[in-house]
Undergrad: 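I am attaching a structure below and will ask some questions about it afterwards.
Naming convention: chains lettered A, B, ... in sequence-line order (proteins, then strands); numbering from 1 in each chain. No hydrogens, no waters, no symmetry mates; every other heavy atom, side chains included, goes into these values.
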Amino acid sequence: MTFEDHIAEAKAAGDPARLAEKVPFAGFLGLSLGLDGEGLFCKVAGDEKLVGNPTLPALHGGVLGSLLECAAIFLLIWEIETPTIPKTINMSIDYLRSGRPVDTFARGVVTKQGRRVANVRVEAWQEDARSPIAAAHGHFLLA
Amino acid sequence: MTGSFPAFDAKAVEQMSGALPFVRALGAEVVSVTPGVGKMKLAWREDLVGDPRSGLLHGGVITTLLDNASGMAVFSSLREVMQIATLDLRIDYLRPPIPKQDIHAEATCYRMTRTIAFVRGRAYQEPGGDIAASLSTFILGSSGPRDASDRASSP
């Protein structure tokens with residue numbers, strides 16, 4: 001079964017968790033996908049191996065960047081029909097608060113979808129979604 | 001602390017950066033730290049792949065290398081030892097990396113004020129050329145503890 005078939009099956013079953021299973025890096029990060037009343041969300045499970053500042057301790061900036069990029073790509077895969085997996089053109093990440101090594105969530109919106117390019121905004125948070133620890137916007141190539 | 005400029009100890013920055021848990025988890029290595037410049041490299045690994053069809057590493061891996069090399073570039077420019085934190089990082093993915101080949105990242109702190117450091121970085125392969133470019137800013141004398149108290153006092 002190709003990755004595209006796998007995506008089609010996950011969408012047909014309404015089960016986004018299956019998407020992350022086929023991406024090795026998602027497994028490495030401890031990233032899972034879920035659906036709630038507001039749509040698709042990503043979760044990275046709290047883990048000491050994700051720390052970039054042992055003094056605080058705080059999550060590595062690269063972990064938050066990875067989570068935000070994953071959240072944006074999975075959102076595009078989930079919400080829109082594309083012939084290929086979207087490719088990241090660029091991302092601009094704002095680090096708002098230090099993240100502790102606990103469960104961290106991310107969710108996004110497709111700000112604009114063109115024929116070839118989509119613009120996506122994403123936010124990451126820990127206990128309180130109204131108090132994001134990082135935010136990003138990026139452009140993704142759809143075709 | 002009133003040491004001579006720069007205050008950094010290259011070996012200490014190398015050891016500290018190489019020992020960070022997430023850097024170790026990725027299997028990334030510090031190549032060198034010199035005043036204002038940080039260099040890292042990472043070997044391709046199956047579990048870091050973002051696109052199972054092509055074997056391409058996930059963009060987040062490259063973001064991490066660039067963020068870390070950028071932090072090293074800032075540390076090695078400091079006049080005194082202090083905490084730093086990334087304010088923002090912009091990354092452009094210039095071309096897909098060649099699978100199964102090492103990725104190098106090199107960052108330069110090209111401007112520093114009393115509070116902010118400005119850094120540019122590039123990720124590349126040899127052979128192969130540049131695969132990503134980054135621009136980032138860091139706040140100096142940060143931030144974590146202040147943020148922790150922000151968090152503690154927030155509703």
Undergrad: Would you name the heavy atoms of Glu69(A) and Gly60(B) that are closest together and state the gap between them?
TA: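 Looking at all heavy atoms of both residues, the shortest contact is OE1-N, 3.7 Å.
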Undergrad: Using the rule that two of Ile, Leu, Val, Met, Phe, Trp, Tyr join whenever any of their side-chain heavy atoms come within less than 4.5 Å, decide whether Ile80(A) and Leu33(A) are in one cluster.
TA: yes
Undergrad: Enter the distance from Thr86(B):OG1 to Asp94(A):CG here, rounded to the nearest 0.5 Å.
TA: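 One gets 11.5 Å once the value is rounded to the nearest 0.5 Å.
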Undergrad: For Thr55(A), is it the side chain, the backbone, both, or neither that has a heavy atom closer than 4.5 Å to a heavy atom of chain B?
TA: side chain
Undergrad: Report whether Val117(A) and Tyr93(B) are members of the same hydrophobic cluster (ILVMFWY, side-chain heavy atoms less than 4.5 Å apart, transitive linking).
TA: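 They do not share one cluster, since no chain of ILVMFWY contacts under 4.5 Å joins Val117(A) to Tyr93(B).
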Undergrad: Would you call Ile93(A) and Asp67(B) a side-chain contact if the rule is heavy atoms closer than 4.5 Å?
TA: no
Undergrad: Crowded around Arg95(B) CZ? As in, over 12 foreign heavy atoms under 6.0 Å?
TA: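 Yes, CZ of Arg95(B) has more than 12 neighbouring heavy atoms, counting only those of other groups under 6.0 Å.
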Undergrad: Measuring from atom CG of Leu94(B) to atom CD1 of Ile89(A), what distance do you get when rounded to the nearest 0.5 angstrom?
TA: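 Here the interatomic distance stands at 12.0 Å.
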Undergrad: Between chain A and each of Thr63(B), Leu20(B), Ile91(B), count heavy-atom pairs under 4.5 Å; write down the option with the most.
TA: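 Top option by heavy-atom pairs under 4.5 Å: Ile91(B).
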Undergrad: Please classify the contact between Ile85(A) and chain B as side chain, backbone, both or neither, with a heavy-atom cut-off of under 4.5 Å.
TA: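 Looking at Ile85(A), backbone and side chain both touch chain B.
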Undergrad: When rounded to the nearest 0.5 angstrom, what distance separates CD in Gln83(B) from CG in Leu56(A)?
TA: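 Here the rounded value is 5.5 Å.
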Undergrad: Are Val30(B) and Ile62(B) connected in a single hydrophobic cluster, I mean Ile/Leu/Val/Met/Phe/Trp/Tyr linked by side-chain heavy atoms less than 4.5 Å apart?
TA: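 Shared cluster, yes.
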Undergrad: Testing the basics here: between Val61(B) and Phe25(A), what is the closest heavy-atom pair and its distance to 0.1 Å?
TA: CG2-CE1, 3.4 Å
Undergrad: Please identify, among Gly138(A), Ala135(A), Cys70(A), Ala134(A), the residue contributing the most non-hydrogen atom pairs under 4.5 Å to chain B.
TA: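 Heavy-atom pairs under 4.5 Å are most numerous for Cys70(A).
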Undergrad: Within a radius of less than 6.0 Å around NZ of Lys49(A), do more than 12 heavy atoms belonging to other residues, nucleotides or ligands occur?
TA: yes
Undergrad: Hey, any chance Phe105(A) and Leu35(A) share a hydrophobic cluster, counting ILVMFWY side chains that come within less than 4.5 Å of each other, even indirectly?
TA: no
Undergrad: Going hydrophobic residue to hydrophobic residue with side-chain gaps under 4.5 angstrom, can you get from Val122(A) over to Leu142(A)?
TA: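 Per the 4.5 Å side-chain linkage, Val122(A) and Leu142(A) are co-clustered.
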Undergrad: Does any backbone or side-chain atom of Leu29(A) lie under 4.5 Å from a heavy atom of chain B? Answer side chain, backbone, both or neither.
TA: side chain
Undergrad: Measure across Pro21(B) and Glu48(A) and return the closest heavy-atom pair with its distance rounded to 0.1 Å.
TA: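 So the minimum-distance heavy-atom pair works out to CB-O, 3.4 Å.
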Undergrad: Give the interface residues of residues 38-57 of chain B toward chain A, defined by a heavy-atom separation under 4.5 Å.
TA: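 So the qualifying residues are Arg45(B), Glu46(B), Asp47(B), Leu48(B), Val49(B), Gly50(B), Pro52(B), Arg53(B).
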Undergrad: For the OG1 atom of Thr64(B) and the CG atom of Leu64(A), what is their distance to the nearest 0.5 Å?
TA: 9.5 Å
Undergrad: Within a 6.0 Å radius of atom NZ on Lys11(A), are there more than 12 heavy atoms belonging to other residues, nucleotides or ligands?
TA: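 Counting neighbours around NZ of Lys11(A), more than 12 heavy atoms of other residues, nucleotides or ligands fall under 6.0 Å, so yes.
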Undergrad: Of all the heavy-atom pairs spanning Phe28(A) and Leu26(B), show the shortest one and how long it is.
TA: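 For Phe28(A) and Leu26(B), the tightest heavy-atom pair comes out as CE2-CD2, 3.5 Å.
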